[in-house]
Enquirer: 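Below you will find the structure I want to go over with you.
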Amino acid sequence: MKLTEAFQLAVKNIKGNRMRTFLTMLGIIIGIAAVIVIVGLGNGMEKYMRDQFADMGTNTVSVNIMGRGSSRSVSETQMYALVAENPEYFDQISPTVSFSGTVKIGTESPSSTSVTGVSEAYFDMKSYTISSGRGLQYVDVAKRRNVCVVGNYLNSTYYGGNAVGQTIRLSGRSFLIVGVMTQEADDEMEEGGTDDCVFLPYSTAARMSYTGTITSYTLTVVDETQAAASVTIVEDYLYDIFSDDDAYRVISMAEMLDAMNAMINVMIGILAGIAAISLVVGGIGIMNIMLVSVTERTREIGIRKALGAKERYIMQQFVIEAATTSALGGVLGITVGYGLSSIATVVVTALMQENLTVSPSIGAVLGAFGISTFIGIVFGYLPAKKAARLNPIDALHYD
Amino acid sequence: MSALIEFQDVCKVYEMGDSVVRAADHISMQIQKGEFVAIVGQSGSGKSTCMNIIGCLDVPTDGKYLLDGRDVGSLDKDQLAEIRNKMLGFIFQQYNLLAKLTLLENVEVPMMYAGVPRGERRERAKVALEMVGLGSKINHRPAQLSGGQQQRVSIARALVGEPAVILADEPTGALDSHTGRDVLTLLQQLHAAGNTVVLITHDNSIAVQAQRIIRLEDGRVIYDGDSHAPEAVVSSGLSGMGGGQ
């Protein structure tokens, strides 16, 4: 008997028991759909994270100096020297001083605005551009001038688009706005978003801060793939100064992205694993129904054996039937999974107000189909064996 | 030339709990090619055991069964299946058609297991169904037919593979006397056409339709000869109150 004939026979039997077959497949359908949606969600999250990090710049390394007591510290000159000494790894550096004082524009006090002290190189490092006026310059830093560049949110919300030449008060001190940055947000600008910001010379910001020292730096690396090596260079340099690896923290964005992705993958793996349990449950459901089917069809098996069916043909017939049922469940599961993925994309996007596309990978789909067929074969084997082993005399007289 | 079917001291012993049942007790017989033989006996006489052994559904515990000169007792399950497929055609009391298949598909089943290509299979099944007078109903399902018609389908299925032996187990048992007679006539025609037919029955009035009767009682042969001899329809002892229905 040919395999195609065994397959046709299986399809015939499945068609004859539509409702039962559907209920049998339900476990597989749910399992496959769940795995596909979860894997799709994982892919979407990974892509989302990558986009977010790309915005922040995956070529940056940030250094935080906690210091050791008050005795030792590292000066900005030392940090600039580090970059200058390793041109094959580092491109540019900017100290970053976050400012925590009040912001006042006329009589209004925006509370979510981020104010940061940076060097003149910072804009280039972050690929920020100036839409009007000028950026910060070396002389602003050197002379600790009270000048600043504002984001387009402040410009359009408080200055009607004409911020250049006007002033903003930071902790009571008046700053001249010398430039406005090009809008960063793709669509609507938000309070507290990327465009709600003020950049002033880091030297000015440091003087205004409580300690007066600079504790953070942002560096750009020449080659993202060398991020780990670059981090090591900074760490070695700082260890020589502090002799204590708790005194500083060096983080590369590229490494962080990798770490985040690894974390997401682990999480998705666990979730998919849990979803896959329902595949096993579905498989047991198939086995159960196949066992019932073998009992119901004992007489048929007896007749077939009397007419000359060898054990392997009977076996083949039942295994193929189980595998076909399961694979059909797999195909339906994939369809349902794709449908749910589209719905999930809409729902997640609406809920999080972020663009997250739930996109199942072809690999997951093929894997799901393969696994469901495999489950059918594995769980169909036992009932098929039972059928094949039936004694034809007993089977013929079974009622 | 050796016999088509030959039993040499065939024994079949079942152990049921503590008791031992001798369903076949040193049965020896020969059936030649082209014969029409009825194996007759009451229930418990061992005729079903005989039929299972002849039909290669079972093997003797002792003694030898030679089918066309081949010792069946030494064969494995797959070889037995192949012999059933190629050399035997079964006709059962309960017809034993597959309910989900059409008549044509039912008749095709043995040829499917024999590996006959689909086109040829279909053609031969059609011819067989026409021969039993059901050529117009090839796409019906068994449930749409009367008992007599179903039995004729099962006869078509039995002879379509051109087996060496047609083995009929109480073929009229589920039929009324009129349709039963039709089925017997069909078997006689098959015999007349040169087929070897072995009929298993408890019913003397059926058995006498055959050429020769082998009467079993308690697992032994108590009569083997012409079906028209007066002794053929008489049982020995108390258990033999077999008669026509």
Side-chain angles (χ1 to χ4, degrees), chain A residues 1-21 289-290 292-318 320-321 324-325 384-399, chain B residues 12 14 23 48-49 51-59 75-102 105-118 121 141-142 153-154 157-161 163 167 169-170:
Chain A
M1 191 166 68
K2 286 189 202 131
L3 269 179
T4 48
E5 280 175 334
F7 182 73
Q8 282 165 358
L9 213 61
V11 171
K12 200 166 200 150
N13 265 309
I14 288 169
K15 272 191 185 162
N17 282 308
R18 272 166 222 247
M19 190 62 185
R20 178 200 275 195
T21 307
I289 283 300
M290 290 308 292
V292 171
S293 174
V294 168
T295 308
E296 278 179 354
R297 285 153 68 187
T298 297
R299 204 181 172 88
E300 176 194 329
I301 294 162
I303 296 167
R304 286 183 183 279
K305 284 194 142 188
L307 296 181
K310 292 176 183 171
E311 286 196 358
R312 66 167 179 275
Y313 293 150
I314 303 287
M315 179 103 192
Q316 196 181 49
Q317 186 185 335
F318 279 86
I320 286 177
E321 205 171 309
T324 306
T325 306
K385 194 93 203 160
K386 188 183 163 192
R389 289 246 171 103
L390 282 175
N391 178 350
I393 300 171
D394 298 340
L396 272 174
H397 295 110
Y398 185 89
D399 283 314
Chain B
K12 184 74 192 178
Y14 298 102
S48 290
T49 303
M51 122 109 199
N52 288 339
I53 291 174
I54 293 172
C56 294
L57 291 165
D58 206 350
V59 288
L75 302 178
D76 66 22
K77 283 181 184 172
D78 274 359
Q79 289 170 316
L80 287 177
E82 206 168 319
I83 286 192
R84 287 198 294 272
N85 187 243
K86 301 254 159 74
M87 299 195 62
L88 295 157
F90 288 91
I91 300 165
F92 301 98
Q93 180 175 6
Q94 293 299 333
Y95 332 127
N96 281 342
L97 300 175
L98 299 175
K100 283 181 191 159
L101 304 186
T102 64
E105 287 165 335
N106 262 290
V107 178
E108 277 183 55
V109 170
M111 291 187 285
M112 184 176 79
Y113 290 124
V116 177
R118 172 164 302 206
R121 218 158 74 192
R141 312 249 161 202
V153 176
S154 115
R157 183 179 65 183
L159 57 89
V160 75
L167 197 54
D169 181 17
E170 302 277 10

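Proteins come first, then strands; the chains are lettered A, B, ... in the order of their sequence lines, and each starts at number 1.
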Enquirer: Can you tell me which residue among A:Ile289, A:Val11, A:Thr21, A:Asn13 is in a side chain to side chain contact (heavy atoms under 4.5 Å, CB included) with A:Glu321?
Expert: A:Asn13
Enquirer: Heavy-atom distances under 4.5 Å only: say whether B:Gln79 touches chain A with side chain, backbone, both or neither.
Expert: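 It is neither, since no heavy atom gets under 4.5 Å.
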Enquirer: Is it the case that more than 12 heavy atoms not belonging to A:Arg389 sit under 6.0 Å from its CZ atom?
Expert: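 Incorrect, the count does not exceed 12.
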Enquirer: Counting heavy-atom pairs under 4.5 Å with chain B, which one of A:Pro392, A:Gly302, A:Ala306 comes out on top?
Expert: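 Highest number of pairs under 4.5 Å: A:Ala306.
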Enquirer: So, A:Glu296 and B:Lys100, do they make that salt bridge, N to O below 4.0 Å?
Expert: no
Enquirer: What part of B:Leu101 gets closer than 4.5 Å to chain A, counting heavy atoms only: side chain, backbone, both or neither?
Expert: side chain
Enquirer: For B:Asn96, is it the side chain, the backbone, both or neither that has a heavy atom under 4.5 Å from a heavy atom of chain A?
Expert: both
Enquirer: Keeping B:Asn106 on the side-chain end and B:Leu98 on the backbone end, is there a donor-acceptor pair under 3.5 Å?
Expert: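 Judged by distance alone, yes, a pair lies under 3.5 Å.
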